[in-house]
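Structure record follows, encoded as structure tokens.
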Amino acid sequence: MTATASELDTPLKVGDYTFTSRLLVGTGKYATFELMRECLAASGTECVTVAVRRVKLDGPAEENLLSFVDESKYKILPNTAGCFSAEDAIRTAHLSREALNTPLVKLEVLADPKTLLPEPVGTLEACDKLVKEGFTVLVYTSDDPIMARRLADLGVASVMPAGSPIGSGQGVLNPNNIRIILETVRDEFKLPVIVDAGVGTASDVSIAMELGADGVLLNTGIAHAKDPLRMAVAMKAAIEAGRMAYLAGRIPRKLYANASSPMEGRIASAKEGIPGE
Amino acid sequence: MKISVNGTERDVADGLTIAQLIQQLNLKTDRIATERNLSVVPKAKYAETTLVEGDKLEIVTFVGGG
């Protein structure tokens, strides 16, 4: 029997929710809803993010994104993307809870449209309010370990540090900060740490998971790849590879070589010469 | 009377309820949520919520996002 990743791992737990796949995938920026549906399936994800926006009241009726997301397969995680104040993020969370009847929210309170970096004071304020209102808050934050600890202390379900800016494809820029966040949020608060944003390719996902992250959330890395479907397959493999490598425990780095084949039992060196010569 | 729906002013009949407005806009209620003057109106209260002049409504659904 061949062992599979899910057999050799425990599921990811976020609040009251359990996921076998440790990859969370966004639904934005796909060329078509059909392609998005294929990519979600190929990625193996069980949790997908969506954004809250005004319904279009003029023009021809458009197909709804949710018609392409099978809610028996995927848990829907509404975000507050595009909110630049705590108040707007809280209102958006209230709207998504009413529309989907879910306590889940991926909280983003952003500082400005150019950097899309989280605004720390507003993030703390919104987080505190939503946790107290009973939301299961997965909070997007920078990779600042102290901010991550403050958010964990508020009672969130998961802290989601950015590897690098949203959609930038720069990967995990400060692995040491992620390590410190893992020591506090994961090890002391016993909360899952999900690296969110900045993933450019499969190795970025593996690096985050090898550091010990509990999961990775990505969107653009798949949606804007030249071939999104192949990248979705790559991301599925990368999350499993990184997670298994983390659980397995890497070998220490050494300066010098260490032969894998035994030195004992080798044939004689030709330098020893032929008898009689 | 005049109300604002998703940032656009609309002339609607006096005494219109949210349920009637949603019907006029041909919206299905299962994937939307409505906010009136910054507070969410639960779907169960659409029929009994009568709009008044100057009300600001936001009606939202879901789109792709990360």
Side-chain angles (χ1 to χ4, degrees), chain A residues 24-33 36 40 48-58 61-62 64-69 71 76-82 87-88 90-101 106 108 116 140 166-167 196-197 199 217-224, chain B:
Chain A
L24 291 76
V25 178
T27 55
K29 301 181 181 173
Y30 286 93
T32 64
F33 285 148
M36 176 201 76
L40 294 181
V48 302
T49 56
V50 297
V52 177
R53 290 294 179 269
R54 286 170 164 172
V55 295
K56 289 213 171 78
L57 297 173
D58 304 308
E62 292 179 356
N64 192 297
L65 166 85
L66 293 181
S67 305
F68 292 82
V69 179
E71 289 181 58
I76 310 279
L77 174 59
N79 69 27
T80 64
E87 188 189 12
D88 290 349
I90 291 164
R91 288 170 58 209
T92 302
H94 289 166
L95 285 164
S96 65
R97 178 175 63 182
E98 169 62 20
L100 288 176
N101 194 27
K106 179 192 162 188
E108 294 182 30
L116 296 179
Y140 170 67
I166 292 171
D196 178 9
V199 166
L217 193 161
L218 63 90
N219 185 343
T220 312
I222 293 177
H224 274 188
Chain B
M1 62 178 180
K2 286 195 167 93
I3 61 168
S4 162
V5 183
N6 289 356
T8 305
E9 203 171 72
R10 280 179 182 260
D11 236 326
V12 297
D14 287 358
L16 192 76
T17 66
I18 290 185
Q20 288 165 334
L21 176 70
I22 299 274
Q23 198 176 17
Q24 283 181 14
L25 295 171
N26 284 322
L27 299 174
K28 287 181 197 161
T29 56
D30 58 343
R31 284 161 178 165
I32 64 165
T34 304
E35 186 191 63
R36 179 193 187 198
N37 304 328
L38 306 183
S39 294
V40 168
V41 181
K43 284 173 194 169
K45 297 207 168 165
Y46 283 179
E48 62 187 71
T49 304
T50 307
L51 297 168
V52 298
E53 173 87 23
D55 270 351
K56 285 190 171 156
L57 299 180
E58 294 283 352
I59 306 175
V60 300
T61 186
F62 296 93
V63 301

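So that the names make sense, note that chain A is the first sequence line, chain B the second, and so on, each numbered from 1. Only a predicted model underlies this, so the values are computations on that prediction, with no experimental measurement involved.
- No more than 12 heavy atoms of other residues, nucleotides or ligands lie within 6.0 Å of CD in Gln23(B), so this atom counts as exposed by the packing criterion.
- Nearest heavy atoms, Leu38(B) versus Glu87(A): CD1-OE2, 4.2 Å.
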- Task: Would you please test Thr8(B) and Leu57(A) for side-chain contact (heavy atoms from CB on, under 4.5 Å) and show each step?
- Result: CA-CA 10 Å; Thr8(B) 305; Leu57(A) 297 173; over 6 Å; no

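- Of the atoms belonging to Ser96(A), heavy atoms from both backbone and side chain fall under 4.5 Å from chain B.
- Both the backbone and the side chain of Ile32(B) come within contact range of chain A, judged by heavy atoms closer than 4.5 Å.
- Heavy atoms of Thr80(A) lying under 4.5 Å from chain B are absent altogether.
- Heavy-atom distances place no part of Asn26(B) under 4.5 Å from chain A, backbone and side chain included.
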- Item | side-chain contact (heavy atoms from CB on, under 4.5 Å) assessment of Lys28(B) paired with Asn64(A) | CA-CA 11 Å; Lys28(B) 287 181 197 161; Asn64(A) 192 297; over 6 Å; no

- Verify side-chain contact (heavy atoms from CB on, under 4.5 Å) between Thr27(A) and Phe62(B), making sure each step is shown before the conclusion. CA-CA 10 Å; Thr27(A) 55; Phe62(B) 296 93; over 6 Å; no

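- Looking at Asn101(A), there are no atoms closer than 4.5 Å to chain B (heavy atoms on both sides), in backbone or side chain.
- Both the backbone and the side chain of Val5(B) have a heavy atom closer than 4.5 Å to some heavy atom of chain A.
- Between the side chain of Asn79(A) and the backbone N or O of Gly66(B), at least one donor-acceptor pair lies under 3.5 Å.
- Judged by distance alone, with hydrogens and angles left aside, the side-chain atoms of Arg54(A) form a donor-acceptor pair with the main-chain N or O of Asn6(B) at under 3.5 Å.
- Put simply, the side chain of Lys29(A) never gets that close to the backbone of Gly64(B): no donor and acceptor are under 3.5 Å apart.
- Using a 4.0 Å cut-off between a side-chain N of Lys or Arg and a carboxylate O of Asp or Glu, Lys43(B) and Glu98(A) do not qualify as a salt bridge.
- Between the side chain of Thr61(B) and the main chain of Val55(A), no donor-acceptor pair closer than 3.5 Å is present.
- Chain A forms more heavy-atom pairs under 4.5 Å with one residue of Ala33(B), Gly7(B), Pro42(B), Gly65(B) than with any other, namely Gly65(B).
- Among the candidates Leu24(A), Asn219(A), Thr49(A), the residue making the largest number of heavy-atom pairs closer than 4.5 Å to chain B is Thr49(A).
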